[in-house]
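Following: one structure in structure tokens, then a few remarks.
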Amino acid sequence: QTVVTQEPSLSVSPGGTVTLTCGLNSGSVSTNNYPSWYQQTPGQPPRTLISTTNTRSSGVPDRFSGSILGNKAALTITGAQADDESDYYCMLSMGSGIFVFGTGTKVIVL
Amino acid sequence: EVQLVESGGGLVQPGGSLRLSCAASGFTFSNSWMTWVRQAPGRGLEWMALIKPDGSGTAYVDSVKGRFTISRDNAENSLYLQMNSLRAEDTALYYCGRFGLAYAMDVWGQGTTVAVS
């Protein structure tokens, strides 16, 4: 069974930088998994931040960036702001039309 | 305005059935890959099912394969999820979504709640 793992929780100071990762229990994440990233605040549907590893969606601030770091996908928030405090999910394409979300990371800004 | 509006959620007994609908507007539905995602209370997102623009192909997560069926009516700009043999663990908020060109969801509905009890 495919499991996509993320850090359960990360803290960042206002103005600081934090990197969230997205890994696969079965091997490495690559651009062929078309990693995407989503932000969700309580009571709201997710908001799409990043597609195909590093393409920001329209209206997403450039403090959000995506990449591949080693064998994982990564989302970096540079210059964190209070309203970045949210849950963040990655999603990977596993081929044949199958997708898997990561376990999610709660980002705390304090 | 690009919009997805889900409906059809509710309370159902274990073993029962429910059909969710998703009304699309503001974009060319017939050209769009569509999907269902769910979120159990206090839990993370779970991708469930995908359908091609013309409905000719579908894909499912293993946990719903054989029980749930995704379908669409392009003339009505509508997406559906037929859910049979429902279990307590299917209790969740169900979102419909559009896949953009880049293997990522780019439009989300507000969700409809399904409770199996």
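Note that the structure is predicted; figures quoted are calculated from it, not measured. Every chain is numbered from 1, with letters handed out A, B, ... down the list of sequences.
- In this structure, chain B has heavy atoms under 4.5 Å from both the backbone and the side chain of A:T52.
- Between A:W37 and A:F64, the distance from one ring center to the other does not fall under 6.0 angstrom.
- For B:Y103, the parts sitting under 4.5 Å from any heavy atom of chain A are the backbone and the side chain alike.
- Using a 4.5 Å cut-off between heavy atoms, B:F99 touches chain A through its side chain atoms alone.
- Residue contact with chain B, scored on non-hydrogen atoms closer than 4.5 Å, involves the backbone of A:S96 exclusively.
- Judged by distance alone, with hydrogens and angles left aside, the side-chain atoms of B:D73 form a donor-acceptor pair with the main-chain N or O of B:A75 at under 3.5 Å.
- Contact tally against chain A (heavy-atom pairs below 4.5 Å) for B:G111, B:G44, B:G97: the top residue is B:G44.
- For A:Q40, the part lying under 4.5 angstrom from a heavy atom of chain B is the side chain only.
- Put simply, the residue from B:S71, B:S21, B:S32, B:C96 that forms a side-chain contact (heavy atoms from CB on, under 4.5 Å) with B:L79 is B:C96.
- Interface residue A:F99: backbone and side-chain heavy atoms are both found under 4.5 Å from chain B.
- Between chain B and the residues A:S93, A:P46, A:G104, A:S58, the most heavy-atom pairs under 4.5 angstrom are made by A:P46.
- The number of heavy atoms from other shown groups lying within 6.0 Å of CZ (A:R63) is above 12.
- In this structure, chain A has a heavy atom under 4.5 Å from the side chain of B:L50, while its backbone stays farther away.
- Looking at heavy atoms from C-beta onward, B:V61 lies out of side-chain contact with B:W36 at the 4.5 angstrom threshold.
- Both B:L18 and B:I70 are members of a single hydrophobic cluster when ILVMFWY side chains are connected at heavy-atom separations under 4.5 Å.
- One N or O on the side chain of A:T48 and one on the backbone of B:M105 form a donor-acceptor pair closer than 3.5 Å.
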